[in-house]
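Structure first, then comments.
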Amino acid sequence: MGRPPKEPADGESLIPPHGGYRNLKSFQMAELCFDVTVRFCERYVDRRSRTHDQMVQAARSGTQNIVEGSAASGTSKRTELKLTDVARFSLEELRRDYRDYLRQRGFKEWSYADPRRQLLIDARCASAEDVAEWVRTVRARPGRTGRKARYEEIAANAALVLIAVASSLLDRQLASLAKRFLEDGGFTERMYRLRSQRQRPEQPPPKAGGR
């Protein structure tokens with residue numbers, strides 16, 4: 001038996017393609033933030049502390065909700081929008097934890113004008129090991145004030161830069177999802193359109209010789 005066509009003749013399917021979260025830049029960056037956070041917490045945060053679990057769970061939530069939202073998008077754009085927003089909120093919570101880590105230890109958070117922020121973005125790190133190597137490179141350079149920052153200070157600031165990039169990507173994704181939802185509606189509206197098209201009687205062909 002042959003497979004049914006993926007789309008009806010009019011080009012609109014009841015359940016559109018979905019679940020391609022691995023191709024989303026937001027997911028790729030959120031996953032990098034997760035891997036970097038696991039590595040950071042294993043090295044610099046007491047495993048017995050609540051902060052350790054809180055940071056890892058917030059980072060995991062950032063990726064997991066993107067995955068679940070993408071999986072749900074075929075039948076519920078509303079759910080996709082909601083879960084993507086939860087992912088954005090989770091990264092904001094993680095950002096707060098890194099800032100608290102720096103503040104409570106007397107470390108300095110990089111300003112938006114700090115050139116190291118753009119250097120890290122331009123490095124296009126693809127893994128936690130790439131970020132760790134970048135941190136080691138920055139640590140080896142002489143500081144502008146003669147003071148060498150500690151590894152954990154650079155690593156926490158690097159994580160904050162990556163979180164900012166992931167958050168910006170999610171903000172854009174949320175705006176795009178909201179726009180599409182308002183313009184096209186969700187699963188219910190799509191189902192209504194397709195049922196209406198199927199129930200609409202076909203127009204008879206014009207008579208030969210008619211005007």
Side-chain angles (χ1 to χ4, degrees), residues 2-38 41 50-100 112 121 124-128 159-202:
R3 292 184 179 180
K6 293 183 179 180
E7 294 187 0
D10 62 4
E12 184 177 16
S13 60
L14 179 59
I15 302 179
H18 60 283
Y21 62 89
R22 290 190 178 278
N23 296 322
L24 294 172
K25 290 292 184 183
S26 60
F27 171 79
Q28 294 166 11
M29 284 303 304
E31 186 176 54
L32 179 58
C33 291
F34 177 36
D35 293 344
V36 165
T37 296
V38 170
C41 289
R50 183 177 179 183
T51 299
H52 182 287
D53 293 340
Q54 181 174 299
M55 291 181 71
V56 171
Q57 287 303 316
R60 181 181 182 276
S61 177
T63 59
Q64 194 62 26
N65 279 285
I66 296 173
V67 172
E68 293 178 8
S70 178
S73 66
T75 54
S76 179
K77 293 298 181 185
R78 188 189 302 273
T79 299
E80 181 186 21
L81 190 59
K82 178 180 178 180
L83 291 175
T84 303
D85 190 47
V86 172
R88 177 66 177 82
F89 177 81
S90 296
L91 289 183
E92 191 60 38
E93 182 181 351
L94 183 61
R95 191 204 309 255
R96 182 72 265 170
D97 286 332
Y98 274 111
R99 283 177 167 167
D100 287 343
Y112 283 103
I121 294 171
R124 297 184 180 277
C125 296
S127 67
L160 282 170
V161 173
L162 298 174
I163 292 168
V165 173
S167 297
S168 177
L169 290 169
L170 280 173
D171 284 341
R172 279 185 251 169
Q173 186 174 333
L174 282 166
S176 176
L177 288 172
K179 183 174 182 292
R180 290 208 319 256
F181 183 76
L182 289 174
E183 291 177 350
D184 303 332
F187 181 76
T188 302
E189 290 86 352
R190 188 182 306 110
M191 184 166 58
Y192 175 77
R193 282 197 301 271
L194 292 174
R195 289 186 65 184
S196 297
Q197 291 167 8
R198 179 163 295 186
Q199 293 170 359
R200 188 182 304 147
E202 295 184 3

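Hydrogens, waters and symmetry mates are skipped; everything else that's a heavy atom, side chains included, is used.
Closest heavy-atom contact between Q54 and E93: CG-OE2, 4.0 Å. The two residues L32 and C125 come nearest to each other via the heavy atoms CD2-O, 3.4 Å. Shortest non-hydrogen contact noted between L174 and D85 is CD2-N, 3.7 Å. The minimum heavy-atom distance linking V56 with V38 is given by the pair CG1-CG2, 4.3 Å. Scanning all heavy atoms of the two residues, the minimum distance from T79 to A72 falls at CG2-CB, 3.8 Å. Taking both residues in full, the closest heavy atoms of A30 and A166 are given as N-CB, 4.1 Å, listed atom of the first, atom of the second, then distance.
Here the CG atom belonging to L24 is positioned 12.5 Å from the OG1 atom belonging to T63, to the nearest 0.5 angstrom. With rounding to the nearest 0.5 Å, the separation of CZ in F34 from CG in L162 is 15.0 Å. The CD atom of Q57 lies 10.5 Å from the NE2 atom of H52; values are rounded to the nearest 0.5 Å. Interatomic distance, I163 CD1 to C33 SG, rounded to the nearest 0.5 Å: 5.0 Å.
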Next on the checklist: If you apply the rule side-chain contact (heavy atoms from CB on, under 4.5 Å), what do you find for E80 with K77, and how did you get there?
Outcome noted: CA-CA 5 Å; E80 181 186 21; K77 293 298 181 185; 3.5 Å; yes
Next on the checklist: Apply side-chain contact (heavy atoms from CB on, under 4.5 Å) to residues L91 and R95 and explain how you reach the verdict.
Outcome noted: CA-CA 6 Å; L91 289 183; R95 191 204 309 255; over 6 Å; no
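In this structure, the side chain of S168 does not engage the main chain of A164 through any donor-acceptor pair within 3.5 Å. S70 places no side-chain N or O within 3.5 Å of a backbone atom of I66 that could act as its donor or acceptor partner. Counting only distance, with no hydrogens or angles, the side chain of S176 and the backbone of R172 share no donor-acceptor pair below 3.5 Å.
With salt bridges taken as basic N to acidic carboxylate O contacts below 4.0 Å, one links E92 and R88.
Heavy-atom neighbours of R60 CZ from other residues, nucleotides or ligands within 6.0 Å: at or below the threshold of 12.
Within the 4.5 Å cutoff, no side-chain heavy atoms of Y21 are placed close to those of E68.
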